[in-house]
Amino acid sequence: YWKKNSNKKLICDGVLVSTPAGSTAYNMSVGGPILSLNSKKLAITPISPFRPRRWKGKIVSSSSVIKIKNLKKDSILLKFDAIYTIFFNS
């Protein structure tokens, strides 16, 4: 959630949060923006969004607090740089 223009509910297969260095890889492949390397921004990009279907993501300051809440009772998997993995059971 973010305070301005907050999405109350995003239904999608996943969410990417990328730095400028990572914005040209997976983020770009799912339709996210390419960030300038010195931009001090993060890109939040949905993976296969269902609702809202046309939401392409958001660019926020690198100092932003980003909260992602799983609304289902399913387990979730977090990956960091495709190296570190954290598995959460609901």
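Remark: Ser23 engages no residue in a side-chain hydrogen bond (donor to acceptor under 3.5 Å, both in side chains) (not counting sequence neighbours). Partners of Ser63 by side chain to side chain contact (heavy atoms under 4.5 Å, CB included), not counting sequence neighbours, listed by chain and number: Ser61. Checked against side chain to side chain contact (heavy atoms under 4.5 Å, CB included), Asp13 has the following partners two or more places apart in sequence or in another chain: Ile47, Ser48. Remark: Ser62 pairs with Lys40, Leu42 by the side chain to side chain contact (heavy atoms under 4.5 Å, CB included) rule, at least two apart or across chains.
When all heavy atoms of Cys12 and Val15 are compared, the closest pair comes out as SG-CG2, 3.9 Å. Nearest heavy-atom pair, Phe87 versus Ser75, reported as atom, atom and distance to 0.1 Å: CZ-CB, 3.6 Å. Closest of all the heavy-atom pairs between Trp55 and Leu10 is CZ3-CD2, 3.7 Å. The heavy-atom pair separating Thr45 from Lys56 by the smallest distance is CG2-O, 4.2 Å. Pairing each heavy atom of Asn27 with each of Ser18, the nearest pair is CG-OG, 3.3 Å. Among all heavy-atom pairs drawn from Met28 and Ile34, the shortest one is SD-CD1, 3.4 Å.
If you chain together ILVMFWY residues whose side-chain heavy atoms come under 4.5 Å of each other, Leu37 ends up in a group of its own.
Hydrophobic cluster membership is shared by Val60 and Val17, with clusters built from Ile, Leu, Val, Met, Phe, Trp and Tyr side chains linked at under 4.5 angstrom.
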